[in-house]
Amino acid sequence: MSAPWLQAMQASDLLAVHAVEQASHAHPWSHGNFADSLRDGHWAHMLLRPPQPQAPASWHVPQGARLLGHAVAWLGVDEVHVLNLTVAPDVRRQGHASGLLQAVRGWAQRQAAHAIWLEVRVGNAAARALYRAAGYEEVATRARYYPLSATQREDAVVMRLPLPVAI
Ligand SMILES: CC(C)(COP(=O)(O)OP(=O)(O)OC[C@H]1O[C@@H](n2cnc3c(N)ncnc32)[C@H](O)[C@@H]1OP(=O)(O)O)[C@@H](O)C(=O)NCCC(=O)NCCS
């Protein structure tokens, strides 16, 4: 099977991106959240592979490739913030999130960012393990940051990856 490739997200991809997003999160981003990210010029990329008949048709982008996962990041003052990182349920533990994180890191370094920041639900053990494995440190907690149910909220762990500054 050919290797996955990275491709910039476009408005025409959002039905597939949102379908994978909905299959992956208890509290998914809306279609509008992704559209806003594209409008605001955020770094938004997809990991793709050739069409896979066994994957739902809705997980295929208009050109026919199968969406494995997606990531969205934003450049602030000297720092990049990862806003969304998602891999489809049937292709996890194959290094795809690590590949997306590496792509974010490469972009951040090209922007001369000093660090990458992100928030993750305290109960999201898989994501916390992923980020730790990629070198991120847990630096703070934001109490009751995420919705959990109609009556409950969940803390966020703030994680940071320092980047070497080019001399
Ligand atoms: C978290 C998520 C993005 C990981 O994607 P993935 O493609 O499976 O991750 P990778 O295969 O790149 O994993 C790299 C490493 O992260 C860690 N890791 C990933 N998933 C893990 C899990 N379920 N349990 C423990 N460690 C895990 C492991 O160290 C893994 O290396 P290994 O497979 O060699 O042990 C994916 O599970 C997902 O999309 N979850 C739902 C959405 C989500 O929570 N997004 C993050 C929001 S902050």
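Just follow the structure's listing: the first ligand is 1, and inside any ligand the first atom is 1.
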(message) Using the rule given for side chain to side chain donor-acceptor pair (under 3.5 Å), can you reason through E21 versus N84, listing the C-alpha separation, both sets of side-chain angles and the distance that settles it, and then say yes or no?
(response) CA-CA 10 Å; E21 175 80 9; N84 187 305; 3.1 Å; yes

What protein heavy atom is closest to [atom], reported as residue, atom name and distance in Å?
atom	value
atom 12 (O) of ligand 1	S98 OG, 2.7 Å
atom 39 (O) of ligand 1	V87 N, 2.9 Å
atom 37 (O) of ligand 1	R92 CD, 3.3 Å
atom 48 (S) of ligand 1	Y131 OH, 3.3 Å
atom 3 (C) of ligand 1	A97 CB, 3.8 Å
atom 23 (N) of ligand 1	A126 CB, 3.3 Å
atom 26 (N) of ligand 1	A129 CB, 3.5 Å
atom 11 (O) of ligand 1	G95 N, 2.8 Å

With a cut-off of 4.0 Å, which atoms of ligand 1 are near a heavy atom of [X]?
X	value
T86	39 (O)
L130	12 (O), 13 (O), 14 (C), 16 (O), 17 (C)
H25	42 (C), 43 (C), 45 (N)

Heavy-atom pair with the smallest gap, counting every atom of [X] and [Y]:
X	Y	value
P51	G64	CG-O, 3.0 Å
A143	D155	CA-OD1, 3.3 Å
P28	Q22	CB-CA, 4.0 Å

(message) Check the orientation of W74 and H81. Use parallel for under 30°, tilted for 30 to 60°, and perpendicular for over 60°.
(response)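 W74 and H81: tilted rings.
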
(message) Heavy atom to atom 30 (C) of ligand 1, shortest distance: which of R93, M159, E21 holds it?
(response)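 It is R93 that holds the nearest heavy atom.
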
(request) Please say which of V157, V120, L161, V158 ends up in a side-chain contact (heavy atoms from CB on, under 4.5 Å) with Y136. (result)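 In the set V157, V120, L161, V158, the residue that makes a side-chain contact (heavy atoms from CB on, under 4.5 Å) with Y136 is L161.
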
Looking only at atom types and distance, does a side-chain atom of [X] sit under 3.5 Å from a main-chain N or O of [Y], one as donor and one as acceptor?
X	Y	answer
R49	P4	no
H96	H70	no
H114	V77	no

Within-cut-off N or O pair, [X] and ligand 1, under 3.5 Å:
X	value
N124	yes
A127	no
Q94	yes

(request) Any chance you could measure E137, atom CD, to M159, atom CE, to the nearest 0.5 Å? (result) 8.5 Å

